[in-house]
Amino acid sequence: MTEQRTVDFWFDPVCPYTWITSRWMVEVTRVRPVTVRWRVMSLSVLNEHRDDNPEGEWGDYMWAPVRVCAAVEERFGGRALGDLFTAMGTRFHLQGDWGNLAGALADAGLPEEMANAAESSAYDEAIRSSHAQALALAGDDIGTPVVSVTGPGGERVGFFGPVVSPAPAGEKAGQLWDGLLLVAAVPGFYEIKRTRVEEPRFDLAD
């Protein structure tokens with residue numbers, strides 16, 4: 001019997017490549033015995049000490065969606081967080097409906113008034129704590145998403161990525177997952193990378 005595994009998936013909902021990778025992760029749960037724990041991290045936190053913010057002036061706005069995510073996780077739990085991430089990604093990246101937090105909450109079956117958390121710093125400590133957990137596993141010279149699995153010795157192993165566009169579907173999604181588990185089992189494995197040459201694609205690959 002194949003071992004049931006749990007993967008921690010840290011995301012900032014504004015990142016298009018993170019959204020694509022998350023759809024791969026959802027595909028993986030359909031073809032492998034895998035459960036996802038959705039976790040928040042923040043590109044705003046990641047870039048706040050840089051002299052030049054790679055996200056530009058828009059970076060200050062990026063606090064809003066992740067604050068709402070943190071508020072929902074605290075009040076309703078991880079499953080609701082995953083539902084909200086799906087709703088946000090659909091509106092932000094597929095429909096181009098940027099910033100409609102109340103609409104995303106309604107799509108996820110959550111109270112629209114939770115959108116008020118966007119303007120509050122009450123959840124910033126929780127965001128920073130969750131973000132720090134991702135960096136503790138994957139290092140600080142990374143981006144979003146961070147994926148963490150259990151290594152052969154029972155330790156948690158974290159990686160930035162995979163960055164993939166478009167997301168593979170079905171058994172191809174499972175094969176990429178199998179490959180991730182293989183590299184996670186190699187203690188000295190750190191990085192594979194090549195330059196992205198296309199804009200993000202949100203359809204699933206054949």
### Message
What I'd like to find out is whether the side chain of P65 reaches to under 4.5 Å of the side chain of L101, using heavy atoms alone.
### Response
yes
#### Entry: Distance-minimising heavy-atom pair for V164 and P168
CG2-CD, 3.8 Å
### Message
Is the shortest side-chain heavy-atom distance between C69 and M88 below 4.5 Å?
### Response
yes
### Summary
Here the salt bridge (charged side-chain N to carboxylate O under 4.0 Å, His left out) pairs for residues 83-96, sequence neighbours left out, are R91-D97, R91-D107
### Any donor-acceptor pair under 3.5 Å from S130 side chain to M41 backbone
no
#### Entry: salt bridge (charged side-chain N to carboxylate O under 4.0 Å, His left out) partners for E112, two or more places apart
none
### Query
Would a distance-only check, ignoring hydrogens and angles, find a side-chain to backbone donor-acceptor pair under 3.5 Å from Q175 to A173?
no
### Query
Is it true that the side chains of T6 and T35 contain a donor and an acceptor less than 3.5 Å apart?
no
### Message
Working to the nearest 0.5 angstrom, can you tell me the gap between T21 OG1 and F11 CZ?
### Response
13.0 Å
### Query
Excluding sequence neighbours, so at least two apart, what forms side-chain hydrogen bond (donor to acceptor under 3.5 Å, both in side chains) with S42?
none
### Message
Walk me through whether N100 and Q95 qualify under side chain to side chain contact (heavy atoms under 4.5 Å, CB included).
### Response
CA-CA 11 Å; N100 190 346; Q95 299 173 1; over 6 Å; no
### Task
Carefully, step by step, assess V157 and S148 under the rule side chain to side chain contact (heavy atoms under 4.5 Å, CB included).
CA-CA 5 Å; V157 180; S148 175; 5.8 Å; no
### Query
Quick check: are there more than 12 heavy atoms from other residues, nucleotides or ligands sitting under 6.0 Å from CG of L182?
yes
### Message
Treating T29 as the side-chain partner and V26 as the backbone partner, does any N or O pair qualify as donor plus acceptor under 3.5 Å?
### Response
yes
### Query
Shortest non-hydrogen contact from I142 to V146?
CD1-CG2, 3.4 Å
### Task
Mind running side chain to side chain contact (heavy atoms under 4.5 Å, CB included) on W63 and V45 for me, showing each step along the way?
CA-CA 9 Å; W63 275 104; V45 173; 3.5 Å; yes
### Message
Just verifying a value: how many Å separate M62 CE and L46 CG, rounded to the nearest 0.5 Å?
### Response
9.0 Å
### Query
Can you list the residues that meet the side chain to side chain contact (heavy atoms under 4.5 Å, CB included) rule with V163, with sequence neighbours excluded?
Y17, F160, R196
### Message
Looking at V14, is its backbone amide N or carbonyl O close enough to the side chain of T18 to form a donor-acceptor pair, meaning the two atoms are under 3.5 Å apart?
### Response
no
### Message
The criterion is salt bridge (charged side-chain N to carboxylate O under 4.0 Å, His left out); which residues satisfy it with R75, sequence neighbours excluded?
### Response
none
### Task
With sequence neighbours excluded, tell me which residues meet side-chain hydrogen bond (donor to acceptor under 3.5 Å, both in side chains) with E171.
R32
### Summary
Looking only at heavy atoms, the pair that brings A70 and I127 closest together is CB-CG1, 3.7 Å
### Query
Given side chains that start at C-beta, do those of W24 and P166 come closer than 4.5 Å, heavy atoms only?
no
### Query
Are any of the side-chain heavy atoms of S22 and P145 separated by less than 4.5 Å?
no
### Task
Test L105 against V72 for side chain to side chain contact (heavy atoms under 4.5 Å, CB included), laying out the working first.
CA-CA 9 Å; L105 285 159; V72 164; 3.8 Å; yes
### Task
Could you grab the distance from atom CG of D12 to atom CH2 of W19, nearest 0.5 Å is fine?
13.5 Å
### Query
Is there a path from V147 to V31 through hydrophobic residues (I, L, V, M, F, W, Y) whose side chains come within less than 4.5 Å of each other?
no
### Query
Considering residues at least two apart in sequence or located in another chain, which fulfil the side chain to side chain contact (heavy atoms under 4.5 Å, CB included) criterion with L181?
R5, V149, W177
### Query
Out of curiosity, does Y190 fall in the hydrophobic cluster containing L135 (side-chain heavy atoms, cut-off under 4.5 Å, transitive links)?
no
### Query
With a 3.5 Å cut-off and no angle check, do the side chains of T144 and W10 form a donor-acceptor pair?
no
#### Entry: F76 side chain reached by L81 side chain, heavy atoms, under 4.5 Å
no
### Task
Write down the atom of R23, the atom of W38, and the distance for their closest heavy-atom approach.
NH2-CH2, 4.4 Å
### Summary
Sorted by chain and number, sequence neighbours left out, side chain to side chain contact (heavy atoms under 4.5 Å, CB included) with N116 holds for E113
### Query
How would you list all residue pairs meeting ring pair (Phe, Tyr, Trp, His ring centres under 6.0 Å) that involve residues 129-159, not counting sequence neighbours?
F159-F189
### Task
Can you label the angle between the F85 ring and the F9 ring as parallel, tilted or perpendicular, going by 30° and 60°?
tilted
### Query
Which side-chain hydrogen bond (donor to acceptor under 3.5 Å, both in side chains) pairs, counting each pair once, include a residue from residues 159-170, with sequence neighbours left out?
none
Validation: residues 118-126 side-chain donor-acceptor distances under 3.5 Å, sequence neighbours left out:
residue, atom, partner, partner atom, Å
S120, OG, A122, N, 3.0
D124, OD1, R67, NE, 2.8
D124, OD2, R67, NH2, 2.9

#### Entry: Charged N-O contact under 4.0 Å between R79 and E73
no
### Task
Please name all residues satisfying salt bridge (charged side-chain N to carboxylate O under 4.0 Å, His left out) with D8, sequence neighbours left out, ordered by chain then number.
R37, R39, R156
